[in-house]
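Quick note: numbers below take in every heavy atom, side chains included, and nothing from hydrogens, waters or symmetry partners.
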Amino acid sequence: MVKPFGGNPIFGKHSPYGYANLGFKAIATPSLVHKVHKYSDQDLYKVIASKPQLETQGFKIPKSELRELVSTHSCELSQRFSLQKAGNTIAECEDIWHYAESDRQFSIALSDGATESSFAREWAEELVRSFVKRDVSSNQDDCEKRAWLLPLQTYWQQWLASQNLSWFAKRKAEQGAFATFVSLEIFPNKKWKSLAVGDSCVFILRDRQLHKSFPLQSSQEFNNRPRLIGTHLAAHNISILQIEGDWQNGDRFYLVTDAIACWILKQLEANQDPWVKLEQIKSQEAFAEFVNDLRDRHEMANDDTTLLCLEIKDAPEISPEIPSEIFCES
């Protein structure tokens with residue numbers, strides 16, 4: 001019997017894909033984020049229960065504080081698409097992303113579970129969930145950027161020990177779960193920061209030109225053995241890369257997993273403009289057609305593929321009438 005991994009007392013209850021309208025005005029549609037549960041090894045595990053939906057807790061924003069929270073800019077999650085590897089179902093897609101917003105930052109994280117490991121999808125989900133819900137400053141040091149991993153790894157070991165698995169499934173699971181990781185945090189002081197492990201990437205566009213590529217800068221850097229965050233690896237031994245900078249109005253931040261990241265870099269190396277092509281994708285159906293066409297032409301690897309685009313825009317005008325209470329998801 002496989003018990004659902006959830007209800008972690010370390011992180012508390014929260015809306016899985018909700019956001020609080022604080023600091024920045026996020027424009028996003030949580031319902032478009034697919035949330036399905038599947039254990040990586042179909043022949044080893046039988047799912048008999050899915051994770052329970054965690055409660056959504058509302059809270060009130062006092063009228064006196066609301067005016068201070070209305071920013072001159074907004075973070076708009078304009079593209080949020082995922083497509084599973086050809087031949088798989090959407091339930092087998094191991095690309096997972098999650099976001100949250102507070103008065104201190106807008107955080108989004110993307111993880112690609114390593115298929116060869118057990119419970120890779122569940123590990124990827126917990127990585128992004130716990131990262132975006134943590135509370136840190138924009139000037140965290142090297143130890144702080146790893147601090148969120150240790151309690152998660154500890155709880156994971158406790159959860160795994162509680163599973164009633166067959167001996168061969170348990171042996172494989174004890175080898176650990178692994179995933180790549182990339183994050184982006186946008187701060188009200190016009191700073192941004194990104195952390196990365198592996199080959200999931202963030203591309204930053206300014207004036208429709210590539211401003212930053214992180215953590216990889218060349219298509220030749222992609223291989224079959226990217227760096228990974230593991231459940232059993234000591235947090236201080238995990239090489240977490242970091243980059244930061246200043247954001248401007250109009251900046252675009254693309255967070256992508258390896259298949260589309262490699263395609264983007266190959267396009268740039270061939271003096272092509274991938275951004276025009278990506279901007280034209282307005283729906284999940286268009287994204288699926290775009291990716292499948294590239295796969296058919298062997299221009300993109302047949303792998304789980306995710307595209308997220310966050311844009312910095314002028315905040316829309318609001319009514320001068322401020323309601324006495326506003327309820328938001330936390």
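- Listed by chain and number, the residues in a side-chain contact (heavy atoms from CB on, under 4.5 Å) with Ala124 are Ile96, Ser111, Ala179 (sequence neighbours excluded).
- Leu278 and Leu184 are members of different hydrophobic clusters when ILVMFWY side chains are connected at heavy-atom separations under 4.5 Å.
- The minimum heavy-atom distance linking Val132 with Ala100 is given by the pair O-CB, 3.7 Å.
- Residues Leu152 and Leu228 share a hydrophobic cluster, clusters being chains of Ile/Leu/Val/Met/Phe/Trp/Tyr side chains in contact below 4.5 Å.
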Determine all donor-acceptor pairs shorter than 3.5 Å in which one atom belongs to a side chain in residues 302-310; sequence neighbours excluded.
residue	atom	partner	partner atom	Å
Asn302	OD1	Ala86	N	2.8
Asp304	OD1	Lys85	N	2.9
Asp304	OD2	Glu94	N	2.9
Thr305	OG1	Arg295	NH2	3.4
Thr305	OG1	Asp303	O	2.8
Thr306	OG1	Ser82	OG	2.8
Thr306	OG1	Asp95	OD2	3.0

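- Residue Asn189 holds its CG atom at 11.0 Å from CZ of Arg104, rounded to the nearest 0.5 Å.
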Checking side-chain contact (heavy atoms from CB on, under 4.5 Å) for the pair Val182/Ser194: CA distance, chi angles, key distance, verdict?
CA-CA 7 Å; Val182 66; Ser194 178; 4.0 Å; yes
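- Side-chain contact between Ile108 and Arg80: absent, with no pair of heavy atoms (C-beta onward) separated by less than 4.5 Å.
- Under 3.5 Å, the side chains of Gln267 and Lys277 contain a donor-acceptor pair of N or O atoms.
- Proximity of Ile243 to Trp192: side-chain heavy atoms (C-beta onward) are separated by under 4.5 Å at one or more points.
- Listed by first and then second residue, the ring pair (Phe, Tyr, Trp, His ring centres under 6.0 Å) pairs involving residues 268-294 are Phe81-Phe287, Phe203-Trp275, Tyr254-Trp275, Trp263-Phe290 (not counting sequence neighbours).
- Here the shortest heavy-atom pairing between Val256 and Ala261 reads CG2-CB, 3.6 Å.
- What you find for Lys191 and Trp247 is that their closest heavy atoms are O-CD1, 3.2 Å.
- Listed by chain and residue number, Asp251 satisfy the salt bridge (charged side-chain N to carboxylate O under 4.0 Å, His left out) test with Arg206 (two or more places apart in sequence, or in another chain).
- Between atom SG of residue Cys262 and atom CD of residue Gln220 there is a gap of 8.0 Å, rounded to the nearest 0.5 Å.
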Residue pair Glu101, Cys75: steps toward the side-chain contact (heavy atoms from CB on, under 4.5 Å) verdict
CA-CA 10 Å; Glu101 187 176 12; Cys75 294; 5.7 Å; no
Evaluate Phe178 against His232 for side-chain contact (heavy atoms from CB on, under 4.5 Å), listing each step before the verdict.
CA-CA 9 Å; Phe178 299 87; His232 290 53; 5.9 Å; no
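- Using a 4.5 Å heavy-atom threshold, the side chains of Ile229 and Trp123 count as touching.
- Distance alone, capped at 3.5 Å, places no donor-acceptor pair between the Gln272 side chain and the Lys266 backbone.
- Taking OG1 of Thr231 as the reference point, atom CD of Glu122 lies at 12.0 Å (rounded to 0.5 Å).
- Contact annotation: the side chain of Leu149 approaches that of Leu127 to within less than 4.5 Å [non-hydrogen atoms, C-beta and beyond].
- No more than 12 heavy atoms of other residues, nucleotides or ligands sit less than 6.0 Å from atom CD of Glu289.
- For the atom pair Phe181 CZ and Ile240 CD1, the distance stands at 7.5 Å (nearest 0.5 Å).
- Residues Pro274 and Leu268 have side chains in contact (heavy-atom distance under 4.5 Å, counting atoms from C-beta outward).
- The two atoms that bring Pro226 and Gly198 nearest to each other are CB-CA, 4.3 Å, heavy atoms only.
- The backbone N or O of Ala120 sits nowhere less than 3.5 Å from a side-chain atom of Ser117 that would complete a donor-acceptor pair.
- Distance alone, capped at 3.5 Å, is enough to place a donor-acceptor pair between the Glu92 side chain and the Thr89 backbone.
- No donor-acceptor distance shorter than 3.5 angstrom exists from the side chain of Ser200 to the backbone of Asp258, with no hydrogens or angles considered.
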Run the side-chain donor-acceptor check on residues 207-215: report pairs under 3.5 Å with partners two or more places apart or on a different chain.
residue	atom	partner	partner atom	Å
Arg208	NH1	Glu279	OE1	2.7
Arg208	NH1	Glu279	OE2	2.4
Ser213	OG	Leu216	O	2.5

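- From Leu83, atom CG reaches atom CD1 of Ile90 across 7.0 Å, with rounding to the nearest 0.5 Å.
- Taking Asp293 as the reference, Arg297 meet the salt bridge (charged side-chain N to carboxylate O under 4.0 Å, His left out) condition, with sequence neighbours excluded.
- With contacts defined as side-chain heavy-atom distances shorter than 4.5 Å, the pair Met300/Ile260 qualifies.
- Ring geometry for Trp156 versus Trp159: interplanar angle of 30 to 60°, hence tilted.
- Closest approach of Gln153 and Gly230 over heavy atoms only: NE2-O, 2.9 Å.
- In this structure, CD in Glu185 is found 4.5 Å from CZ in Arg134, a value given to the nearest 0.5 Å.
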